[in-house]
Protein chains: 2
Amino acid sequence: MSNRSYGILGTGALGGYYGAKLQRAGLDVHFLLHSDYEHVCQHGLVVESPDGDFTLPRVNAYQDAAKMPPCDVVAIALKTTQNHLLPQMLHSVVKDDGVVLVLQNGLGVEAEVAEIVGSQRVIGGLCFLCSNKVGAGHIHHLDYGEIKLGEYTPDYSPGGITGRMRQIANDFENAGIPIQLAEDLLLARWQKLVWNIPYNGLSVVLNATTDELMADSHTCTLVKQLMDEVVAGAKACDRIIPDSFVQKMLDYTLKMKPYRTSMKIDYDEKRQMEVETMFGNPLRIAKAAGGNLSQITMLYQQLKFLDARNRHN
Amino acid sequence: MSNRSYGILGTGALGGYYGAKLQRAGLDVHFLLHSDYEHVCQHGLVVESPDGDFTLPRVNAYQDAAKMPPCDVVAIALKTTQNHLLPQMLHSVVKDDGVVLVLQNGLGVEAEVAEIVGSQRVIGGLCFLCSNKVGAGHIHHLDYGEIKLGEYTPDYSPGGITGRMRQIANDFENAGIPIQLAEDLLLARWQKLVWNIPYNGLSVVLNATTDELMADSHTCTLVKQLMDEVVAGAKACDRIIPDSFVQKMLDYTLKMKPYRTSMKIDYDEKRQMEVETMFGNPLRIAKAAGGNLSQITMLYQQLKFLDARNRHN
């Protein structure tokens with residue numbers, strides 16, 4: 001077992017799940033909490049999962065990042081809508097030779113983090129996880145859980161597979177978390193957007209679950225068009241996603257159980273949606289590379305309107 | 001006063017208003033009704049209007065087009081979603097030398113009517129009218145009312161201004177209905193879509209009034225983009241709409257009182273929306289002419305999804 005210490009910034013459905021798995025495997029884990037702090041100090045964390053339920057009666061809980069010890073690996077598991085807090089949080093919590101693991105959705109967040117901690121200390125992580133926080137310190141893991149790791153480099157050129165990626169992968173795998181290693185973080189991020197952009201966006205605008213979107217011929221075609229635009233955005237960044245990948249995402253979604261996307265859950269709960277990292281950044285990055293994604297632009301504009309109204313009402 | 005007889009197919013907010021004005025001016029008018037037939041037979045028509053309220057205690061009411069006398073001018077004032085009824089209705093109700101006046105929204109309806117009655121007997125009419133049916137045979141006129149008339153020709157080439165257009169215009173103007181004569185019906189139809197497509201479509205998808213769409217910078221930009229696509233669709237059909245026209249529509253809407261569009265009212269009332277004539281036909285006509293309107297396509301797909309679900313729930 002490694003002696004790497006882990007800091008978890010944001011102990012929700014995602015950070016709480018992964019952090020609890022790491023601690024259960026014997027690693028030294030430190031959790032930053034906000035609203036659940038008092039409860040978790042007293043009662044710890046509870047994880048329900050088809051892989052087996054478990055409770056951690058005592059965890060290292062903090063409500064101020066400045067009070068956390070410097071960690072070897074700091075996982076950012078906040079919603080990206082909270083990323084304005086990162087400049088204050090990150091400096092003290094990551095060791096000089098430590099690394100920040102960006103476990104968030106969308107595009108371009110690693111670059112923001114690199115501006116704070118330096119580009120040598122950033123790794124991206126794409127989570128394929130289905131979990132909800134159902135109460136204070138209480139996480140319900142539904143399905144999946146794999147993380148795809150990729151090295152960040154200043155211009156998002158492929159960073160290859162490094163020793164520290166393997167070390168982190170080793171810790172996660174020992175904790176029962178499946179890991180994939182990606183040579184090209186930017187390609188992996190664009191690939192994930194192939195699913196996230198159409199389903200998250202349309203589920204909010206049309207108040208629909210994934211199965212409803214797939215059952216209607218018009219929205220099914222629209223989903224495919226939006227996926228093709230994501231592929232075009234990737235191509236503008238010199239990342240090639242084959243048509244077969246798009247088809248795989250469509251087939252996969254057809255077979256999925258009816259699913260309410262994470263963005264739809266945020267919208268329904270009147271929380272700010274991650275529109276900028278999931279739509280705004282890909283659009284800006286594609287545009288800077290000469291790509292014009294007109295239907296994703298329209299979806300972005302619709303979501304911005306709905307997000308603003310949702311939080312003012 | 002002319003001795004032309006008028007048939008009104010569809011005695012709702014639009015047909016009821018114009019037909020009542022014509023009858024009040026002394027013309028021979030015949031009204032086709034559906035659900036309001038019994039009530040109107042007994043109580044006639046009531047029009048409330050800022051121009052003066054009036055009642056017509058007795059009108060020529062029919063619930064079967066086959067029982068109407070052949071008329072000189074037959075105005076189609078049904079929702080276009082009812083146009084599958086036209087082949088049965090139209091043959092007997094229009095005189096051999098009569099004319100059908102298509103007072104409906106969208107694009108391409110005249111061509112459908114021409115297939116039934118022949119292309120020599122079709123005139124298009126674009127209504128700029130704000131009125132609601134508030135009860136059986138009871139119409140509330142709110143504002144505006146001008147009709148723009150244009151001759152239909154088989155290939156939508158400009159039909160110029162004809163004698164019969166002037167005759168009909170004369171009848172309407174004598175009845176207090178302002179008329180404009182258009183030399184080019186297709187241009188007039190595309191111009192009207194510059195307003196109708198963005199505001200009708202987005203008002204439904206985003207559950208918004210015109211002022212809400214204009215107050216948000218993202219949807220305001222999206223409205224402009226959609227207008228520009230309508231202009232591009234017109235251009236594919238060799239009809240030039242200047243940028244100044246788009247700006248005029250935006251300025252006009254900014255100054256309007258908060259407005260719930262007709263498509264939004266249909267949606268809220270769970271009636272079928274006029275998606276095909278207002279969105280589907282323009283898209284198909286533009287595509288046949290080589291135009292690709294990707295954001296209007298997306299709006300069409302979203303509306304088709306919402307329309308289907310709205311009527312199944």
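As a basis for the values below, the full set of heavy atoms in this structure was taken, side chains included, without hydrogen atoms, waters or symmetry mates. Quick note on labels: first sequence line is chain A, next is B, and so on, each numbered from 1. All of these numbers come straight from a predicted model, not from anything done at the bench.
Contacts between L306(A) and chain B at a heavy-atom distance below 4.5 Å involve the side chain alone, from C-beta outward. With a 4.5 angstrom heavy-atom cutoff, A208(A) touches chain B via backbone and side-chain atoms both. Both the backbone and the side chain of E212(A) come within less than 4.5 Å of a heavy atom in chain B. In this structure, chain B has heavy atoms under 4.5 Å from both the backbone and the side chain of L299(A).
Listed here is the closest heavy atom pair of Q295(A) and T297(B): NE2-CB, 4.3 Å. M298(B) approaches L226(A) most closely through the heavy-atom pair SD-CD2, 4.5 Å. Shown here for T221(A) and Q301(B), the closest heavy-atom pair between the two residues is CG2-NE2, 3.7 Å.
Around atom CG of D243(A), no more than 12 heavy atoms belonging to other residues, nucleotides or ligands sit under 6.0 Å away. Residue K79(B) qualifies as enclosed at atom NZ: its count of foreign heavy atoms under 6.0 Å is above 12. When the shell of 6.0 Å around CD of E146(B) is examined, it contains more than 12 heavy atoms from other residues, nucleotides or ligands.
Note that the CG atom of L222(A) and the CD atom of Q302(B) stand 6.0 Å from one another [nearest 0.5 Å]. One distance of note links OG of S294(A) with CG of N292(B); it measures 7.5 Å at 0.5 Å rounding. The structure places CZ of F305(A) at 8.0 Å from CG of N207(B), a figure rounded to the nearest 0.5 Å.
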